[in-house]
Amino acid sequence: MLRNRRIESHPILHFQRGKEVTIFFEGTPIKAFEGESLAAALYASGIDVFRWTPKLGRPRGPFCMVGKCGSCMVEVNGVAVRSCITPVREGMNIRRLRGLPTLPKNLDRMIEKENSDNPFEEVKTDVLIVGGGPAGMAASEVLASNGMNVFLVDDQIRLGGQLIKQTHIFFGSQELFAGKRGFRIAEEYEAKLRSLKNLHILLQTTAIGVFKEGVLLLNKGKGLIIKPKYVVLSAGAFENYLLFENNDLPGVMGAGGAQTLMNLYGVLPGREVVVVGSGNVGLIITYQLLQAGAKVKAIVEAAPRIGGWFVHAAKVRRYGVPILLRHTVIAAEGKDRVRAAIISEVDERWEPVKGTEKRIECDTILLAVGLTPNTELVRQFGVKTVYVPELGGLVPVRNKYLETNIPNVFVAGDVAGVEEATTAFIEGWIAAYSILIKEKGPQSQYVKKRNEYIRMLDEYRSSPVSARVRSGLRHVEVGGS
Amino acid sequence: MDNPDASTDSEVKVTGVLNPDKLKELGYIPSKQRLLKGPVAIFECVEPIPCNVCVFSCPFKAVVMDKITDMPKVDFNKCTGCGLCVAQCPGQAIFIVDYSPKGETGVLTLQYDLTQPPDKGEEVILLDRKGEELGKGRVLKVYKHKRSEAFVVTIEVSKEFLMNARAIKVRR
Ligand code: SF4
Ligand code: SF4
Ligand code: FES
């Protein structure tokens, strides 16, 4: 059944939708707007099932909304695409994907090109920055405004990473961005970046891998080899799954995916929601759902205490959202879409306790159960990584200037250990000043700035709420000159 | 799995609900005389998080912190109850209470950030820290703060609710 899931009134966001276009979903015309992703447009029209899996024929719908999970694959004019990173175009013909996708018809031409002698354009630059979230934007700004030639690449349709989806007011230091909404910070910073002449921003561009010749980028299907002198890796983190029965059912979504739908495209992820995880991400998404007019039936948390900050918890408790500690989701119910969540208590060993199951009717289960640093490219560069659970998983070893064991390769932001936007910005600045110091010598203005940011970062992390991050960092920070 | 931190209050991290006794203990409740004198800010920020927005948003220097991770310290003699901090607090943790009007009703000011804001003169439902309905209040003033883009709503409420009403429900 088609119904409208677009948010028409929101306290803070005013969705400026692009020109109206018509697309066809299995023959049925659907209204969409230029500038939105195909997944958002389909979801907005009430479509839950995007594909069926090859072996078991299980229904799937969008989960991550950032091109990472593949569960949103559909066929557009006969070619399988990830609908969440495909912009809508007038007249697109969309079909649900059944089984495995077929190879694109022009594949032989693509391969031919790869085998020819000089297949890709090669570009030399001072700095390549991979990932345009807070850390990447911060580093780009400092480097490009100090005379460096910079390429900033990001695989999404828009710059800003997680920041563009944040409607809440930021914490932190008023000297930086606190007191403003996340998406505003992203807008203002992007405007600043767009005015920098020697900064080249490539969106919808994936860094495929590291080769002798340089770093291979794929920009909307076109290859490009970048040969940078310095690299800043700031590709962020991806969302964790949780194991439970039917966790692949449409309506089970990552918190970040839901934020993309809701706050970027103005599409309500669900009307009645169960949120799993009471860290800041879970508490914040709950509040954002209330802002968008959804009902949050419960926040379910396996630990015996709330994971996020008290102020975030208090905000949602005041609107009557229960936080169920020592509980977990053990199953999702529903055929083509979540109809209920089955939750149960857990014991000290985090095992579900038999006989304590409860059924909560809902149409959406959002997972906010942590993030894992996206270190694929980091490892391709040969950077040493270690497993540090406090920082989200495998993280790169580096010094306090954020340089890794591979000279001139820097890391910043969540890829270096999951924290938050403010610390990502500061790390971006530290990495940028470190590059300037390497390139131009230890000029006092650069050294002063870098020390200032290092001090600021230490102060931020000195809070008891950052105890885990502090203990994690002890395993990855080495040396420092 | 988490290492519960000794300096983080444990009860609020279990319930998500602050007990007003805790506020008294932390020195966040002004004296009776001060309360009767006129509007004053009540800070419900009881965890040392990295945030200092209130320090910078107060034009009267009534809020101080040595480091960004300290909890705010409020000088109730300097605080005029102007409400500028309410508009910008990302934690929605600041409330202005005014017991000075004669009679049964006082005035409460809080931040509002959900759906469309109420209109002046509108009746709203008062919610406590658990989201339970306490009663009703009438909106005296609504404005939107420029930097934070949040609404600040001032409501006439029964004095018995001033320390417990912490959110409003707009009936539409
Ligand atoms: S109410 Fe006004 S005077 Fe009092 S702390 Fe807030 S900003 Fe300062
Ligand atoms: S601005 Fe709000 S959340 Fe931040 S320290 Fe002050 S009272 Fe706490
Ligand atoms: S790849 Fe599109 S939802 Fe994950």
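Proteins get letters first, then strands, A, B, ... in listed order; numbering begins at 1 in each.
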| field | Option that, when pairs with chain B are counted at under 4.5 Å, heavy atom only, ranks first among A/Pro11, A/Ser9, A/Ala292, A/Pro389 | value | A/Pro11
| request: Starting from the C-alpha separation in whole Å, work towards a yes-or-no answer on side chain to side chain contact (heavy atoms under 4.5 Å, CB included) for A/His312 and A/Thr286. | output: CA-CA 10 Å; A/His312 284 306; A/Thr286 299; over 6 Å; no
| message | How long is the straight-line distance from CG of A/Asn263 back to CD1 of A/Ile285, given to the nearest 0.5 Å? | response | 6.5 Å
| request: Look at B/Ala167, B/Pro117, B/Cys89, B/Ala87 and state which one has the largest set of heavy-atom pairs under 4.5 Å with chain A. | output: B/Ala167
| request: Determine, for A/Glu272 against A/Lys297, whether the closest basic-nitrogen to carboxylate-oxygen distance falls under 4.0 angstrom. | output: yes
| task | Look at A/Trp309, A/Phe170, A/Tyr460 and state which one has the largest set of heavy-atom pairs under 4.5 Å with chain B. | result | A/Trp309
| What part of B/Asp128 lies closer than 4.5 angstrom to a heavy atom of chain A: side chain, backbone, both or neither? | backbone
| remark: Comparing B/Asp70, B/Val55, B/Thr15 against chain A, the one with the most heavy-atom pairs below 4.5 Å turns out to be B/Thr15
| field | Under 4.5 Å from any heavy atom of chain A - which part of B/Glu133 | value | neither
| task | Using non-hydrogen atoms and a 4.5 Å limit, figure out which bit of A/Leu325 sits close to chain B: side chain, backbone, both or neither. | result | side chain
| Chi angles and distances behind the salt bridge (charged side-chain N to carboxylate O under 4.0 Å, His left out) call for A/Arg461, A/Glu427 | CA-CA 12 Å; A/Arg461 290 172 174 158; A/Glu427 287 192 335; 2.9 Å; yes
| query | Would B/Asp113 and A/Arg181 satisfy salt bridge (charged side-chain N to carboxylate O under 4.0 Å, His left out), going step by step from the backbone distance to the final call? | reply | CA-CA 12 Å; B/Asp113 206 23; A/Arg181 310 271 173 177; 2.9 Å; yes
| chain A contact via B/Gln92 - side chain, backbone, both or neither, heavy atoms under 4.5 Å | both
| query | Could you walk me through whether A/Trp429 and A/Glu452 pass the side chain to side chain contact (heavy atoms under 4.5 Å, CB included) check? | reply | CA-CA 10 Å; A/Trp429 290 318; A/Glu452 216 173 274; over 6 Å; no
| From CA spacing to verdict: salt bridge (charged side-chain N to carboxylate O under 4.0 Å, His left out), A/Arg184, B/Glu149 | CA-CA 10 Å; A/Arg184 285 271 184 255; B/Glu149 300 174 65; 2.6 Å; yes
| said: Below 4.5 Å, heavy-atom pairs only: which of A/Val311, A/Leu290, A/Ile169 has the largest tally toward chain B? | reply: A/Ile169
| Residue that, paired with A/Thr167, satisfies side-chain hydrogen bond (donor to acceptor under 3.5 Å, both in side chains) out of A/Gln291, A/His10, A/Gln259 | A/Gln291
| remark: When the 4.5 angstrom heavy-atom criterion is applied to B/Ile168 and chain A, the contacting part is backbone
| said: Quick check on B/Leu127 against chain A: is it the side chain, the backbone, both or neither that has a heavy atom closer than 4.5 Å? | reply: side chain
| Given a strict heavy-atom distance threshold of 4.5 Å, which part of B/Ala150 is in contact with chain A: side chain, backbone, both, or neither? | both
